[in-house]
Structures are given as C-alpha cells and as structure tokens.
J.: 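What follows is a single structure, and I will ask about it in a moment.
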Amino acid sequence: MKLILTLLGFVFLVACAEKEPAFNPQLVGTWEIVHFNEPLNTNSITAYTFNGDGTYSWAWAFRNPGERTNFGYQLIWNGTFRTTQDQISFRVEEMLDAPIGIPSSFFVPREEMVQRNYTPGAITNRRFMLSADRSTLTILADDEMASDEVYTRAKR
C-alpha cells in the first residue's frame, strides 16, 4: 500500500512539473504596425510589447520617419497576458491618455501621460497567428467589419 501511495505521489509531482507555460514565449518582444500620417508628417505606431514575466503594454505612439524612438503618445495600456494555442487573453491593469485639451496636437511625451479613471479586471480574448518565420504576429479581427492587425517584430 505504501508503495502504491508513493508511486501515486511521484506521478502527481511529475504531472505538476510538466505544466504548460502561461504564454507562448515566441511572443516575447515588441511588435509594431507603422503608418505614415500625412497631415502630421510623422509615423503613427501601434505596438505591443510582451515581456517574459507575462506583462504587456500596448501603445499608440508617434515617431519621425526613419527613427526608432517615439516622441509622443496618445494611449498606453499596461497589463498581463496569457495564451492558449491560438488565443491571447489581455487583462488591462492601467490605461494612460494624453491630457484633454492639448493645444498643438493630440499626443504628448510619455512622462506627460495621465492615468485614466479605469477599474482593472476586464479580460479581452483575441485569436492570433504567428508566421512560420516568427517575423509577423496577426491579431485576428473579432467580426467581419474589422480588419486583422498584422504586426512586424521590431525587437526581441
């Protein structure tokens, strides 16, 4: 009987040790969509940064063409993420906005962002696909009226 209980305990420990990670580690890094904004004569960037600790940020930012550093932001969301095969779950913990009434444009430096009145906890689930060479991440649209978002890996 002792032998059976010992074996069952061992099997339980091995089974627990082989748990799947909470997220796909191939997502770790920064992924961007870059569009030239002609009226502002600058690039408009939407970017996800997935970190190895299961946190992420999403930003709507602006940078000069040909540069890698953002000079302004409109929105920033920070939170945690988890994945299962083809689904990613986002839990927003913090939302930052450009202050209302910005005189010259609708973006500001990161340090001037203000925290939005927001109650954390809502989870958004989206389907995703990674390209075979892991250079693009596609966040699939929720409905037929929206477009899939195709992000390019900016850095790991």
J.: Check for me, please, whether Phe71 and Leu40 land in the same ILVMFWY cluster - side-chain distances under 4.5 Å, paths through other members count.
T.: yes
J.: Provide the closest heavy-atom pair for Ala146 versus Ala141 in the form atom of the first, atom of the second, distance.
T.: O-CB, 3.6 Å
J.: Between Tyr73 and Ala98, what is the shortest heavy-atom contact and its length?
T.: O-CB, 4.0 Å
J.: Once rounded to the nearest 0.5 Å, what's the spacing between atom CZ of Arg91 and atom OG1 of Thr80?
T.: 6.0 Å
J.: Give a yes or no on whether the ring-centroid distance for Phe81 and Phe50 is below 6.0 angstrom.
T.: yes
J.: Quick check: do Asn24 and Leu130 have side-chain heavy atoms less than 4.5 Å from each other?
T.: yes
J.: May I ask you to list the residues sharing a hydrophobic cluster with Ile45, side-chain cutoff 4.5 Å, ordered by chain and number?
T.: Val34
J.: Please confirm whether the backbone N or O of Leu75 pairs with a side-chain atom of Asp97, one donor and one acceptor, at under 3.5 Å?
T.: no
J.: Do Asn70 and Arg63 come within less than 4.5 Å of each other through their side chains, counting heavy atoms only?
T.: yes
J.: Using a 6.0 Å cut-off, check whether atom CZ of Arg127 has over 12 heavy atoms from anything other than its own residue.
T.: no
J.: Of all the heavy-atom pairs spanning Asn125 and Asp142, show the shortest one and how long it is.
T.: O-OD2, 4.3 Å
J.: Give the cluster check for Leu140 versus Leu27: same hydrophobic cluster or not, with ILVMFWY residues linked at side-chain heavy-atom distances below 4.5 Å.
T.: no
J.: Under 3.5 Å, which donor-acceptor pairs link side chains of residues 54-61 to any protein atom two or more places apart or in another chain?
T.:
from, atom 1, to, atom 2, distance (Å)
Thr55, OG1, Asn51, ND2, 3.0
Thr55, OG1, Asp53, OD1, 2.6
Trp60, NE1, Ser44, OG, 3.0

J.: Would you name the heavy atoms of Phe128 and Gln85 that are closest together and state the gap between them?
T.: CZ-O, 3.8 Å
J.: Under 3.5 Å, is there a donor-acceptor pair between the Asn37 and Thr42 side chains?
T.: no
J.: Between Val108 and Met113, is any pair of side-chain heavy atoms under 4.5 Å apart?
T.: yes
J.: Show the nearest heavy-atom pair for residues Tyr151 and Thr46, with the distance to one decimal.
T.: CE2-O, 3.6 Å
J.: Mind listing the closest non-hydrogen atom pair of Thr30 and Ala47 along with its distance?
T.: CG2-CB, 4.5 Å
J.: Quick one: does Thr49's side chain get under 4.5 Å of Trp31's, heavy atoms only?
T.: no
J.: Can you measure from CD1 (Ile33) to CG (Asn43) and round to the nearest 0.5 angstrom?
T.: 13.0 Å
J.: Just wondering, do Ile76 and Arg110 contact through their side chains at under 4.5 Å, heavy atoms?
T.: yes
J.: Answer yes or no: is there a side-chain heavy-atom contact under 4.5 Å between Leu137 and Arg153?
T.: no
J.: Within this structure, what is the CD-CG distance for the pair Glu94 and Asn78, rounded to the nearest 0.5 Å?
T.: 5.0 Å
J.: Look at atom CD of Glu38 and say whether more than 12 heavy atoms of other residues, nucleotides or ligands are closer to it than 6.0 Å.
T.: no
